[in-house]
Amino acid sequence: MAGPESRPHVLVIGGGIGGFTTALACARRGMSVHVLERAPEIKEIGAGLQLGPNAGRLLGELGVFDSVLRTAVLPERFVILDAYTGREIYQARFGQALAERFGAPYTVMHRADLLDTLLQGSLATGLVTAFTGKEVVGVEQDARGATVTCADGSTHPADIVIGADGLRSAVRREVLDDSEPAVSRYAIYRGPGPRPEGVQDAVTLYAGDGLHLMQYPIQGGELLNRVASFRSVRGAPGSDTWATPEELFEKFADTCDPVREALHHLDLGKRWEQFDRKPMPGWAQGRVALLGDAAHPMRQYLAQGAGQAMEDAVALAAALADSPDDPVTALKEYEEIRFPRAAAVQRNTRFFGEMVHLGGVGAVLRDFAFSSLAADDYSLAEWLYGTGGAPAPQPPARLDFYTEGQ
C-alpha cells in the first residue's frame with residue numbers, strides 16, 4: 001500500500017495531542033496520514049498543560065512552536081511552597097536562563113490551544129485527513145498491511161496502525177494482554193478562571209502531607225489554572241463517597257490562606273481520577289504500535305504526559321522515514337528507542353509524587369534538600385530536559401512505588 005516513493009500510509013487512532021503530533025511528524029516526512037477520532041468532534045478535555053523544554057524543542061522542529069507561543073505563557077520561575085505556612089522551600093529559574101540551557105523555554109498553556117495548533121499544522125501539510133465519530137472495534141493485520149474496523153461498519157486499510165487512543169486504548173487490547181490500569185487514591189479538582197491581580201508568572205506548587213495545590217497562568221496570562229489534589233481515605237476511587245468536596249475542604253483546613261482561598265475557585269462538580277500502568281514492553285506488534293498514554297500512561301507529577309507522547313511521535317516518524325520499505329522493523333526500532341526513556345519517566349513520576357506528598361520527618365528532610373539547591377542549578381532536570389542522554393535517577397531498589405495508594 002506504500003506510495004510510489006515507498007512512503008508508508010499511516011493510520012492513527014486517536015485525535016488528541018499524541019495523535020496529531022504523530023500526524024504532523026509523519027506528514028512532514030512525506031507520509032500520508034489518516035486520523036480516526038472516536039468523539040464527534042476534535043477537542044481537548046481539561047484546561048492547563050505544562051510543556052518542558054524537551055517538548056518545546058520538538059514543537060520547534062515541527063514548525064509550530066511560534067503558533068503555540070501566541071497564547072502560551074513563559075513562566076519566570078518554578079516555586080515550591082509549604083502548603084501550611086506559605087514558606088518558600090525552593091525556586092528554579094525558568095525564563096531565558098532555562099531556555100538557553102535546554103534549547104527551549106518552559107511553557108504553560110491551555111490544552112485546547114496546543115491541540116488546535118497541532119490539528120491546523122497537520123491539515124496544512126495536505127497529507128493529513130481526520131475523521132470523527134469513528135469508534136475502533138477491531139484491528140487486523142497480515143504481511144501486506146493492517147485494517148481497522150469501526151463500529152459504524154467502515155473499514156480503513158493502511159500500511160501501519162498507531163494506537164494513540166489514550167488510557168483505555170482499543171488498539172492496546174489488540175496487541176497486549178495486560179491488567180487494568182492502576183487507579184490512584186489521589187483525587188484531582190481543577191479550577192481554571194480569571195487571574196487575580198498580583199499573581200506572578202510562575203508555576204507554583206504548594207506541597208503538603210498527602211495533598212498539594214498547583215497553579216499557573218494560561219491563555220496569554222488572562223486565566224489562572226488551579227489544580228488541587230489530595231489522598232482520599234474514604235470509599236473506593238470513583239465511588240460516591242470517595243474524595244467528596246467535603247473531604248477536600250477538611251483535608252485542606254490547616255493550609256495557609258492562599259491555598260484555602262484557591263479552593264473556592266475549583267469546579268467542585270467534577271472530580272478527576274488518576275490512572276497509570278507499570279512500564280510494559282510490547283508496544284510494537286508487526287504493523288501495529290502504541291504511542292503516548294496508550295503505551296505508557298503516567299501520573300501528573302512531572303508534567304510529562306504530553307511531552308512523552310510528542311517524543312514518541314517524532315521518534316516514530318524518524319524510524320519510519322529511515323526504513324520506509326520495512327515498517328515492521330521501523331516500529332520495533334521505535335519501541336527500542338522509546339521504551340527505556342518512557343519507562344524511566346513513568347517511574348520517576350511516581351517517585352516525585354511520593355516526595356511532594358511527604359509529611360513529618362520526610363517533609364523536613366525534603367525541604368532541607370531542596371533549599372540547598374541554587375535557582376539556576378538544573379542538574380536534577382538534565383536527564384529529563386537535556387539532549388545529552390543523561391540517565392534517569394533510579395529510586396532505591398527496596399522502594400516499589402507501584403503500590404496501592406499512589
Side-chain angles (χ1 to χ4, degrees), residues 9-27 31-47 49 110-123 127-141 145-181 183 188 190 238 270 272-277 283-285 287-298 300 305-306 308-310 312-313 316-317 331:
H9 170 55
V10 182
L11 183 61
V12 177
I13 312 303
I17 290 171
F20 276 105
T21 306
T22 303
L24 178 57
C26 289
M31 300 171 225
S32 63
V33 185
H34 284 178
V35 180
L36 304 185
E37 167 55 40
R38 177 179 179 177
E41 60 180 317
I42 295 170
K43 66 178 183 179
E44 264 295 339
I45 299 174
L49 177 70
H110 198 289
R111 298 182 68 91
D113 293 339
L114 176 59
L115 179 59
D116 185 63
T117 293
L118 294 169
L119 170 62
Q120 298 306 322
S122 298
L123 298 179
L127 294 173
V128 177
T129 307
F131 302 89
T132 57
K134 295 294 183 180
E135 179 182 357
V136 173
V137 295
V139 181
E140 297 180 350
Q141 61 174 310
T147 301
V148 167
T149 302
C150 295
D152 62 5
S154 62
T155 58
H156 305 266
D159 292 307
I160 63 168
V161 172
I162 305 301
D165 48 343
L167 178 75
R168 304 287 183 182
S169 169
V171 180
R172 185 180 178 109
R173 292 196 297 269
E174 300 288 336
V175 300
L176 281 176
D177 181 17
D178 60 346
S179 60
E180 284 293 301
V183 61
I188 297 172
R190 294 188 169 103
K270 176 63 175 177
W272 299 78
E273 298 172 71
Q274 288 192 84
F275 297 89
D276 69 349
R277 295 181 185 272
W283 307 348
Q285 301 288 340
R287 292 175 175 268
V288 181
L290 304 175
L291 181 145
D293 282 350
H296 46 70
M298 58 189 65
Q300 63 176 341
Q308 291 307 300
M310 291 179 186
D312 289 347
L316 172 69
L331 294 184

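Since this is a predicted model, take the numbers as computed values, not measurements. What's counted below: heavy atoms across the whole structure, side chains too, no hydrogens, waters or symmetry copies.
Taking E135 as the reference, R38 meet the salt bridge (Lys or Arg N to Asp or Glu O under 4.0 Å) condition, with sequence neighbours excluded. Looking at residues two or more places apart in sequence or on another chain, you find a salt bridge (Lys or Arg N to Asp or Glu O under 4.0 Å) between D152 and K134. Taking F131 as the reference, H34 meet the ring-ring contact (aromatic ring centres under 6.0 Å, His included) condition, with sequence neighbours excluded. Shown here are the ring-ring contact (aromatic ring centres under 6.0 Å, His included) partners of H110, two or more places apart in sequence or in another chain: there are none. Scored by the salt bridge (Lys or Arg N to Asp or Glu O under 4.0 Å) test, R111 finds E44 as partners (sequence neighbours excluded).
With contacts defined as side-chain heavy-atom distances shorter than 4.5 Å, the pair K270/R190 does not qualify. Residues E174 and V288 are not in side-chain contact: their nearest non-hydrogen atoms beyond the backbone lie 4.5 Å or more apart. At least one side-chain heavy atom of L114 sits under 4.5 Å from a side-chain heavy atom of L118.
Shortest non-hydrogen contact noted between T132 and A39 is CB-O, 3.3 Å. Scanning both residues, W283 and V175, for their nearest heavy atoms gives O-CG2, 4.5 Å. Contact detail for I17 and M310: the closest heavy-atom pair is CG2-CE, 3.9 Å. Shown here for D178 and R277, the closest heavy-atom pair between the two residues is OD2-NH1, 3.2 Å. Closest approach of A309 to L291, counting heavy atoms only: O-CD2, 4.0 Å.
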Distance-only donor-acceptor pairs under 3.5 Å for side chains of residues 161-171, two or more places apart:
residue: D165; atom: OD1; partner: S169; partner atom: OG; Å: 2.5
residue: D165; atom: OD2; partner: S169; partner atom: OG; Å: 3.3
residue: D165; atom: OD2; partner: A170; partner atom: N; Å: 2.8
residue: D165; atom: OD2; partner: V171; partner atom: N; Å: 3.3
residue: R168; atom: NH1; partner: E180; partner atom: OE1; Å: 2.7
residue: S169; atom: OG; partner: V171; partner atom: N; Å: 3.2
residue: S169; atom: OG; partner: R172; partner atom: N; Å: 2.8

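In the displayed structure, E140 atom CD is contacted under 6.0 Å by at most 12 heavy atoms of other residues, nucleotides or ligands.
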